[in-house]
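Numbered from 1 within each chain, the chains take letters A, B, ... in sequence-line order.
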Amino acid sequence: MVRGTLGRAFESHEAETRWYKYWLENGYFHAEDRSEKQPFCIVIPPPNVTGMLHMGHALNNALQDIVIRFRRMQGYNTLWMPGMDHAGIATQNVVEQELAKEGISRNDLGRERFVERVWEWKAKYGGMIINQLKRLGCSCDWSRERFTMDEGLSRAVREVFVRLYNNDLIYQGDYIVNWCPRCHTAISDLEVEYNEENGHLWHIRYPFVDGDGGIVVATTRPETMLGDTAVAVNPDDPRYRDIVGRSVILPLVEREIPIIADSYVTMEFGSGAVKITPGHDPADFAMAGRHNLPIIRIMDGGGAMNENAGLYRGQDRYVCRENIVADLKKYGYLLQVEPYLHNIGQCYRCKTDIEPMVSRQWFVKIAPLAKAAVAAVVKGKTRIVPATWEGTYFDWMNNIRDWCISRQIWWGHRIPVWYCDECGRIIVAAQDPQSCPDCGGTALTQEEDVLDTWFSSALWPFSTLGWPDQTEALKTFYPTSLLVTGFDILFFWVARMMMMGLYVMKDVPFRDVYLHALVRDEQGDKMSKSRGNIIDPIEMIDKYGADAFRFTLAAFTAQGRDVRMSEERIEGYKYFVNKIWNATRFSLINLEDYPEEGVSVSKEEESLPDRWIKARLGRTIDGVAGGIEEYRFNDAAAAVYQFVWHELCDWYLELIKPILYGNGDARSRLAAQHTLLYVLKTVLKLLHPFMPFLTEEIWYTLVPEGGAIMIAAFPTVEDGLRDPEAETNMGILMDTISAIRNIRGEMGLAPSKKLKVLIRTQDESSRSIVKAGKDYIVAMANLEDCAIRGDMEDLKGVATAIVGNLQILVHLEGLVDIGGEKARLEKEIAKINKDLAFVGKKIANRDFLSRAAAAVIQKEEGKYRQLCEKHAALDSALKKLLSLGP
RNA sequence: GGGCGGGUAGCUCAGAUGGGAGAGCGCCACGCUUACACCGUGGAUGUCACAGGUUCAAGUCCUGUUCCGCCUACCA
């Protein structure tokens, strides 16, 4: 097979489908349960089954795929474990909405039928995101794909629940929880988001039972007064000291409630007296515990007032508020209303105002679990990157509160608890029990509630690998190597995986956690439907190709920074794709007659550009590999971008053109072809983790029998690549060429005009470097002739530049523009004067000389000397220009 | 109220371990040179938020101020 040719442009869409299929068919994504190779494993943050790929997913998964492909190429037994989350409330909502269109509710259907419907929905519409991940190029081991509601994962959930329960780490009780009246369920503290809203502070007078007067309380939620069971003041408050212990009459309700003293009350706020509603306020609930107050719940699950609300029964809580306020006013209890800005807790899914409400729920006693999870990070068993997040992690873990895990919905893992209808005994078991172990009764009723979706997600790193079975995969891949996720779910998910992993597996779930930032729009705003600033990843892939899109994501992923995304930027990296494509086309054309089996080229046959580009390639390998290893994706991307565009294309390809076009001997042409092919192949491998499709397509054409690039070995820096001498020498030639080009541009000499140049230096070694590289200078600076001499006689009609110890004189011939050259030299000299003043001041400073490091002093003195020389050279050039004339 | 991150070129951002600043895009000029105009060559642009301090030397370390984000929190 011979090398092929490439079309005019990369057809991304066609290539993407073709190569993804090819990879799948060849099983390249598949990880071995057992292998001689070192394991490397990432578990995917499971997207919601209802989810569609958004920018956050795209970033998250592009980064994972970059690391995974990199490690796979490095020879690891690489597993990227994919799957989805059943997303209890979200999915139930979707299906309920579907039912609503048919005019029925889930209650009409009943639990069993409803859950069936959800499964049907999932089969039909669920998991769109999986196909979208494939469009991105994700190399997950799809043969292992899991779903949190799978039989196996459900078994893991039950098993963990039972263990926790038997260890007294799960309990049931009546506590105040965050209740979403729309979702009709309790949610955890984390699922509440607080937003500032303009409200009011109502001042209400509660009259004393005995005697005149009363006490004034201030509240933002007057409707909750129906559930008040006390009024509290601070024990140190002189205003109220005497009335503690007395009682007041709750207006409208006519209930007698006590005035109690509790140091929780802030004297300075409002009137210094607080109404206490233990049934509907977390702080009040806590106070009720301390003072043994009755707890009255006044609302139902939908946020409407219940039978305890008397006349207000059936009213929605906000309607009720208006009525209460009106009534208070009517009866003279309302003293004052002031505008008040405060935080309202809302359901993070549906934005409905949360109602704190007392109800019977299941909780995980979390402090002991959190303690171990903190210790693991302190000991460095798990590393959080960037490390600044460790502090946040510790703060949260150390102040953590028990986790409410029961949800009053139907879609999810039903809690493995049964109640004996006969004797009332609670049975907690992994397997459905047949009878009551106490009374032997067979009439058992299972707990209605399901578990928080995050409960099953917390088990993800080991449940997906087969736990509770001791599978080979589990032994090989746990603890996993890396977790990549957004910082927004550090608490929701990462922390809980840490706790569960340590509890169940006795080891951390992952060695490294890389937390990336959020994707925002170019203004820095969060992308959201309501803002209308969403960029759809799939649309971007269609338009610019997955490779350009992925590269853009990587290039903008600096640690600790949000990713600002705009279409323009993706387009910019599409240009990079095009550049790579065309550099390859150029190479292919010029490799046509290069033998497939290659040639062996000795060190001596290599040209300076050959040696130089290989040396630069070596540094690029370090940059890319180091960047990915340290999760500095922008650095890795920048390193390869810079190399391909500004070293390979801008310099190397241009430098070898004359050689390739046959201006030299056959051997040096072969040497250039050899190097070109080698460098191109290597850089494609460096690019592959970022641009899998493009590189595979090119690789296939360039190395038809080389197998897939995705399983090629990732380059390492061989000794032959290090060549500082070539870098230095080539650097001199490049600076020389740039200096001539600069004169051409500044002096307005046409690009097409071939110039005559004289390069002079008394330094032997520089002269020989330039002599050896003369042909490159002539070609790259478009010269008619380039003389290199050691004598320093005066010349007229030239423009001068100084590079190191080289004096570069460009003959201006007929078009002498003394004014132009004078201005150019003066500008240059002015710049040097400024630098000279600065460095001069420094090395004249006694303190600097006595205190700075020797190396620094040496460096500064060297700099000064060079500046002086350059200054002198330019100055004499200027003088000659003026004295000699045209 | 606490905590964290950030204010560097017109824009978006890089700048371990202190030695007077970089990239990409944009802008200006010139070029269709047989890979690429999704290109090439050259050029311009910065009181590194502000004020102090440490140091021979500060974008980089310390303190304070200010502005902007985010996280977190039971002052009703």
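When side chains are defined from C-beta on, A:Y631 does not count as touching A:L515, because their heavy atoms never get closer than 4.5 Å. Residues A:M225 and A:L250 meet the side-chain proximity criterion, which asks for heavy atoms closer than 4.5 Å. Between A:S263 and A:V265 there is no side-chain heavy-atom pair separated by less than 4.5 Å. A:T220 is not listed as a side-chain neighbour of A:H200, based on a closest heavy-atom distance of 4.5 Å or more. Counting heavy atoms from C-beta on, the side chains of A:E697 and A:T695 never come closer than 4.5 Å.
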When every nucleotide of nucleotides 23-36 of chain B is labelled 5' to 3' by its protein contacts under 4.0 Å (heavy atoms), B for base, S for sugar-phosphate only, - for none, what sequence of letters results? -SS----SS---BB
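Comparing the P positions of B:U17 and B:G6 gives an interatomic distance of 12 Å, to the nearest angstrom. Rounded to whole Å, the separation between the C1' atoms of B:U47 and B:C38 comes to 39 Å. Distance noted for atom P between B:U65 and B:C70: 22 Å (whole Å). Across the P atoms, B:C62 and B:G19 are found 15 Å apart, a figure rounded to whole Å. Rounded to whole Å, the separation between the P atoms of B:U60 and B:A9 comes to 15 Å.
In this structure, A:F576 atom CZ and B:C39 atom P are separated by 12 Å, rounded to whole Å. The nearest whole Å value for the distance from the CE atom in A:M780 to the P atom in B:U41 is 8 Å. Taking atom CZ on A:R744 and atom C1' on B:G40, their separation rounds to 13 Å, with Å as the unit. The interatomic distance linking A:E193 (CD) with B:U72 (P) rounds to 10 Å, in whole Å. The distance from atom CZ of A:F556 to atom C1' of B:C11 is 11 Å, rounded to the nearest whole Å.
Under the 6.0 Å distance and 45° angle rule, A:R569 counts as a cation-pi partner of A:F556.
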Shorter than 3.5 Å, N or O on both sides, protein versus nucleotides 74-76 of chain B: list them out with atom names.
| from | atom 1 | to | atom 2 | distance (Å) |
| --- | --- | --- | --- | --- |
| B:C74 | O2' | A:Y264 | OH | 3.4 |
| B:C74 | O2 | A:Y264 | OH | 3.2 |
| B:C75 | O2 | A:T266 | OG1 | 2.4 |
| B:A76 | OP2 | A:Y340 | OH | 2.7 |
| B:A76 | O2' | A:A218 | O | 3.0 |
| B:A76 | N6 | A:T266 | O | 2.6 |
| B:A76 | N6 | A:F269 | O | 2.9 |
| B:A76 | N1 | A:T266 | N | 3.2 |

Write out a two-atom table: protein N or O, nucleotide N or O from nucleotides 43-45 of chain B, distance below 3.5 Å.
| from | atom 1 | to | atom 2 | distance (Å) |
| --- | --- | --- | --- | --- |
| B:G43 | OP1 | A:N742 | ND2 | 2.7 |

Give me the distances for all protein-to-nucleotides 15-17 of chain B N/O pairs that come in under 3.5 Å?
| from | atom 1 | to | atom 2 | distance (Å) |
| --- | --- | --- | --- | --- |
| B:G15 | OP1 | A:R632 | NH2 | 3.1 |

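A:Y264 is linked by a ring pair (Phe, Tyr, Trp, His ring centres under 6.0 Å) to nothing, counting only residues two or more places apart in sequence or in another chain.
Among the atoms of the strands shown, none is found under 4.0 Å from any heavy atom of A:K834. Using a 4.0 Å heavy-atom criterion, one finds that A:A232 contacts no nucleic acid atom at all.
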Dot-bracket encoding of pairs in RNA chain B, which uses [ ] for pseudoknotted crossings and | for another strand, Watson-Crick or G-U under 3.5 angstrom: (((((((..((((.....[..)))).(((((.......))))).....(((((..]....))))))))))))....
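Comparing A:E860 and A:W651 along RNA chain B, the residue whose closest nucleotide (by nearest heavy atom) sits nearer the 5' end is A:E860.
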Show the numbers, then the answer: is there a side-chain contact (heavy atoms from CB on, under 4.5 Å) between A:Y194 and A:Q346? CA-CA 6 Å; A:Y194 291 88; A:Q346 287 158 345; over 6 Å; no
